[in-house]
Number of protein chains: 4
Amino acid sequence: MFSKFLNMDKEKQDRIINAAIKEFAQKGYDNASTNEIVKEAGISKGLLFHYFQNKKQLYLFLYEHMIDILMDKIMEKINWEEKDIFVRYRQIALLKIEIYQIYPEMLNFVKSIYKDSSPAVKIDINSRGKELFESSFNKLFSDIDLSKFKKGIDIKKAINIINWTLEGFAYQMQEKVSSLSLEQIASDKTMEEMEEYLEILRDSLYE
Amino acid sequence: MFSKFLNMDKEKQDRIINAAIKEFAQKGYDNASTNEIVKEAGISKGLLFHYFQNKKQLYLFLYEHMIDILMDKIMEKINWEEKDIFVRYRQIALLKIEIYQIYPEMLNFVKSIYKDSSPAVKIDINSRGKELFESSFNKLFSDIDLSKFKKGIDIKKAINIINWTLEGFAYQMQEKVSSLSLEQIASDKTMEEMEEYLEILRDSLYE
Amino acid sequence: MFSKFLNMDKEKQDRIINAAIKEFAQKGYDNASTNEIVKEAGISKGLLFHYFQNKKQLYLFLYEHMIDILMDKIMEKINWEEKDIFVRYRQIALLKIEIYQIYPEMLNFVKSIYKDSSPAVKIDINSRGKELFESSFNKLFSDIDLSKFKKGIDIKKAINIINWTLEGFAYQMQEKVSSLSLEQIASDKTMEEMEEYLEILRDSLYE
Amino acid sequence: MFSKFLNMDKEKQDRIINAAIKEFAQKGYDNASTNEIVKEAGISKGLLFHYFQNKKQLYLFLYEHMIDILMDKIMEKINWEEKDIFVRYRQIALLKIEIYQIYPEMLNFVKSIYKDSSPAVKIDINSRGKELFESSFNKLFSDIDLSKFKKGIDIKKAINIINWTLEGFAYQMQEKVSSLSLEQIASDKTMEEMEEYLEILRDSLYE
DNA sequence: GATGAATGAGTATTCATTCAT
DNA sequence: TATGAATGAATACTCATTCAT
């Protein structure tokens with residue numbers, strides 16, 4: 001399907017991918033301009049459509065490609081022996097920071113998929129997402145040791161609280177991105193603050 | 001600034017506001033069409049731009065106007081005698097549901113501000129948000145009784161956890177909106193589930 | 001439907017119509033460029049689409065409008081008392097020349113409808129054509145005096161021969177348009193030549 | 001000029017020709033896509049433009065080549081001993097039907113030349129047509145026995161009438177193509193009807 | 001001879017905004 | 001105050017043609 005694209009010069013490939021995920025992440029599917037993408041990538045109008053039938057195919061390719069890379073990273077970096085949910089979340093957080101530093105727009109793009117997704121692509125994303133994303137994502141928490149939670153607590157709700165708290169924290173950090181440098185965000189101080197949140201939650205939700 | 005608009009026939013005013021927030025909420029800032037707005041409001045193109053210099057000014061006016069109305073409702077409906085944070089949050093949740101039932105587009109509009117916010121208006125919203133929204137929002141929690149929290153706990157972080165959890169829960173509920181009716185969402189069962197979350201948090205974070 | 005357009009300044013209206021029928025007649029529906037039309041008409045891109053929803057609506061409007069004008073002219077100029085087919089054809093020929101001199105592209109446009117009609121508009125034209133064009137066109141020959149034809153001759157075939165001959169002659173004349181001026185074509189010499197054809201046919205097909 | 005092409009593998013040559021005349025016949029010069037032609041012919045884009053400088057040259061080559069083949073057939077099949085114009089025309093009509101059944105796209109292509117001919121190629125076709133087509137076509141009628149025509153009749157005009165009538169009849173038949181099968185069109189009934197037209201004309205124009 | 005990546009001007013249509021009335 | 005005609009840059013996408021391999 002996209003073999004033509006994937007067999008081309010790697011450097012140009014990356015220029016196109018970066019330009020495209022940046023544009024889509026910033027403006028959403030509908031408002032993303034293929035004009036801007038080719039300008040930023042330094043290629044001609046025709047070439048983009050030589051590789052991708054249309055804007056939608058480009059978007060769906062990026063979706064699958066980014067998820068693939070994300071999943072590969074997860075499988076590679078997570079220590080699956082460690083069953084404690086807080087340790088697992090800490091690993092995921094470090095992973096995110098790592099990806100953030102290499103492909104900063106990638107996480108924004110993945111996030112934007114859930115935010116915007118115009119009707120034009122929503123159905124396709126949903127059908128592909130159900131197979132790919134969720135199955136792999138569930139794996140992240142499928143083998144967690146649940147015995148450490150307080151007796152009587154609704155474990156599903158407890159996990160939700162942990163999740164929402166970390167999401168909220170990450171979002172708060174991201175808002176500072178424009179003023180802070182990535183280095184500062186990925187610094188010890190940020191990690192320390194996260195640890196403090198995790199500690200409060202562990203004290204609260206574990207036996 | 002917008003006094004010209006605010007002094008006009010109230011009924012036409014509302015037609016314009018309703019048409020505009022509906023369009024913006026449904027399509028986001030960039031994709032919202034002023035053509036659609038004037039058609040829905042039953043006014044001419046010229047008139048819209050007579051009252052509002054441009055699309056952006058219209059959007060920013062709506063933002064401020066909606067926040068104003070929201071704040072008025074809050075001030076009116078919150079029982080300020082009650083200082084317990086969990087009780088306060090419960091009141092806010094009920095308030096949201098109440099507004100949702102009366103002006104469904106209004107909350108969609110406010111929500112859409114955070115979801116989409118194209119780069120074209122993001123900066124303006126952020127700067128005004130800091131003044132308007134946060135100052136009023138802070139008032140919601142300025143007189144909270146902090147003595148009930150566990151000794152030694154970082155209270156700011158504890159409040160964040162409560163906040164993010166409720167946000168996460170609300171977001172989860174919203175995702176069901178397309179399949180569930182508003183009545184079902186605002187039902188006892190939803191409120192019960194929220195109570196369970198609040199109970200876990202109170203058990204965890206209070207002395 | 002097109003009242004907005006028909007109520008505008010007549011001179012600009014005509015500039016648009018002339019530019020459009022010329023472009024459609026020369027290049028056919030698919031290849032006609034709305035860019036060229038607005039350039040030739042001296043209006044902006046937006047204005048054309050302000051009056052006509054899209055290219056197809058413009059084409060269909062022109063079709064109906066041109067047929068209308070053509071039919072009005074026919075009803076006005078034909079002497080319906082005269083039942084002889086050769087006299088009737090002569091009147092029609094004179095009529096065509098007259099129209100040719102006033103709206104030269106109009107007849108080309110009408111002719112082009114039958115020649116090209118891309119699949120994009122064919123169905124719409126056919127359905128509208130059956131009502132409008134054919135019913136009125138049949139009227140042109142509905143009250144002809146058939147008693148003058150040779151006994152035993154197949155009258156339908158005889159009329160076809162007259163028709164095809166005059167069409168062939170007109171086509172031959174048109175091919176000379178690029179080299180000859182309209183004045184020369186509409187001259188006595190051309191009419192004389194046509195008379196000679198009609199005379200051969202009358203001698204041949206009448207008693 | 002096109003010797004490079006004509007010296008290549010005959011089978012590939014035919015694949016290209018067939019793909020090209022089909023595309024041109026179906027869509028007309030302007031809308032024919034060289035992309036489609038190379039896809040259908042199974043060759044690369046570059047190769048097409050290696051043999052033919054550009055789309056126009058390809059079209060003009062096809063025009064000349066098809067006329068050549070057509071003329072060869074004519075020279076081969078016409079009985080030149082028979083000098084009667086009506087008999088000659090009957091032979092030509094049969095010839096057309098024969099070709100129609102063997103190379104249906106070829107006649108479609110030749111026909112399409114007259115129908116669509118975008119301004120881009122019209123001039124070139126016209127100038128070449130005068131040399132090629134007409135010279136050969138004139139041969140078809142150069143040795144006709146003119147002595148049978150009525151005394152005093154303008155023979156050139158009489159021949160035109162015969163020609164236009166047969167053209168008109170053929171065109172009328174063609175319009176039925178979409179609903180009728182080729183077999184039905186080339187049936188005895190069609191030929192019979194043509195005979196009736198020829199008979200009327202012979203009775204009218206011969207002594 | 002043969003490939004197909006690459007180009008950029010071209011297509012129809014939209015839309016915020018202006019301005020004469 | 002109110003209208004809506006008019007603008008032109010922007011949109012996604014196509015396509016004949018070139019050229020390095």
Side-chain angles (χ1 to χ4, degrees), chain A residues 4-5 7-9 12 27 29-38 42-58 120, chain B residues 4-5 7-9 12 29-39 42-59 120, chain C residues 4-5 7-9 12 30-38 42-58 120, chain D residues 4-5 7-9 12 29-39 42-59 120:
Chain A
K4 242 193 290 180
F5 177 73
N7 286 331
M8 85 191 287
D9 176 46
K12 195 188 274 187
K27 310 208 189 143
Y29 176 78
D30 281 324
N31 285 106
S33 161
T34 53
N35 270 7
E36 286 302 312
I37 292 171
V38 299
I43 59 166
S44 74
K45 229 138 198 257
L47 191 55
L48 188 70
F49 291 95
H50 180 67
Y51 289 124
F52 304 98
Q53 215 174 87
N54 52 37
K55 193 183 179 181
K56 188 169 169 178
Q57 293 306 312
L58 167 61
Chain B
K4 247 191 295 179
F5 177 74
N7 288 330
M8 85 192 287
D9 175 47
K12 196 190 273 187
Y29 177 77
D30 282 320
N31 284 107
S33 159
T34 53
N35 262 2
E36 287 302 312
I37 293 171
V38 300
K39 210 187 291 168
I43 59 164
S44 73
K45 294 217 75 178
L47 193 54
L48 188 70
F49 288 92
H50 177 69
Y51 289 124
F52 305 98
Q53 213 176 91
N54 53 36
K55 192 185 183 181
K56 191 170 168 178
Q57 292 306 312
L58 167 62
Y59 188 79
Chain C
K4 243 191 293 181
F5 177 74
N7 287 331
M8 84 191 288
D9 175 47
K12 194 188 275 187
D30 281 325
N31 285 105
S33 161
T34 54
N35 270 6
E36 287 302 314
I37 293 170
V38 298
I43 59 166
S44 73
K45 253 173 162 222
L47 191 55
L48 187 69
F49 290 94
H50 180 69
Y51 289 123
F52 304 97
Q53 218 175 87
N54 52 38
K55 192 183 180 181
K56 188 170 170 178
Q57 292 306 312
L58 167 62
Chain D
K4 247 190 294 179
F5 176 75
N7 287 330
M8 84 191 289
D9 174 47
K12 195 189 274 188
Y29 176 77
D30 281 319
N31 285 106
S33 159
T34 53
N35 262 3
E36 286 302 311
I37 293 171
V38 300
K39 210 187 292 168
I43 59 164
S44 74
K45 293 218 76 176
L47 193 55
L48 189 70
F49 287 92
H50 177 70
Y51 290 123
F52 305 98
Q53 211 177 93
N54 53 35
K55 192 184 180 182
K56 190 169 167 178
Q57 292 306 313
L58 166 62
Y59 187 79

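Sequence lines set the chain letters: A, B, ... in the order given, protein chains first and strands last, and positions in each chain run from 1. This is a predicted model, so every value here is computed, not measured.
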### Task
Could you state the atom-to-atom distance from CG of C:Asn31 to P of F:dC15 in whole Å?
11 Å
### Query
Under the 3.5 angstrom rule, does the side chain of D:Tyr29 hit a backbone N or O of D:Lys56 as a donor-acceptor pair?
yes
### Message
Side chains of C:Glu36 and C:Asn31, heavy atoms from C-beta outward: is any pair under 4.5 Å?
### Response
no
### Message
Ignoring hydrogens, what is the shortest heavy-atom contact between C:Lys4 and C:His50? Give both atom names and the distance.
### Response
NZ-O, 3.2 Å
### Message
Rounding to an integer number of Å, can you tell me how far D:Asn54 CG sits from F:dC15 C1'?
### Response
14 Å
#### Entry: Which residue lies more 5' along DNA chain E, comparing D:Ile43 with A:Lys12 via nearest heavy atoms
D:Ile43
### Nearest-Å distance for atom pair NZ/C1', residues D:Lys39 and F:dT14
12 Å
### Task
Find which nucleotide of DNA chain F each of D:Ala32 and B:His50 is nearest to by heavy atoms, and output the residue with the more 5' nucleotide.
B:His50
### Message
Once you measure the plane-to-plane angle for C:Phe52 and C:Phe5, does it fall in the parallel (<30°), tilted (30-60°) or perpendicular (>60°) bin?
### Response
tilted
### Task
Describe the nucleic acid contact of A:Phe52 in one word from base, sugar-phosphate, nothing, applying a heavy-atom distance below 4.0 Å.
nothing
### Task
Extract, from 5' to 3' on DNA chain E, the first and final nucleotides lying under 4.0 angstrom from some heavy atom of chain D.
E:dG1 to E:dG4
## Note on the structure
C:Leu48 atom CG is separated from F:dG8 atom P, nearest whole Å, by 15 Å
### Message
Heavy atoms only, 4.0 Å cut-off, all strands: where does D:Tyr51 land among base, sugar-phosphate and nothing?
### Response
sugar-phosphate
### Query
Which whole-number value in Å describes the distance from D:Leu47 CG to F:dA16 P?
16 Å
### Task
Could you work out which one of F:dT7, F:dA12, F:dT1 sits closest to the side chain of A:Asn35?
F:dA12
### Query
Touch check for D:Lys56, heavy atoms < 4.0 angstrom, all strands: base, sugar-phosphate only, or nothing?
nothing
### Task
Assign each of C:Ser44 and A:Gly46 to its nearest nucleotide of DNA chain F by heavy atoms, then name whichever residue's nucleotide is nearer the 5' end.
C:Ser44
### Query
Which residue lies toward the 5' end of DNA chain E, A:Lys4 or C:Glu36, if each is placed at its nearest nucleotide?
A:Lys4
### Query
For DNA chain E, what are the stems built from at least three Watson-Crick or G-U pairs in a row, each pair having both distances below 3.5 Å?
E:2-21 with F:2-21
### Task
Using a 4.0 Å heavy-atom cut-off across all strands, classify B:Lys45 as base, sugar-phosphate, or nothing.
base
### Query
Heavy-atom distance under 4.5 Å between the side chains of B:Asp30 and A:Asp30, does that happen here?
no
### Task
Answer yes or no: is there a side-chain heavy-atom contact under 4.5 Å between C:Leu58 and C:Leu48?
yes
### Over all atoms of both residues, closest heavy-atom pair of D:Thr34 and D:Phe49
CG2-CZ, 4.1 Å
### Query
Any sub-3.5 Å donor-acceptor pair from B:Lys55's side-chain atoms to B:Ala32's backbone N or O?
yes
### 4.5 Å side-chain heavy-atom contact, D:Ile43 and D:Ile37
no
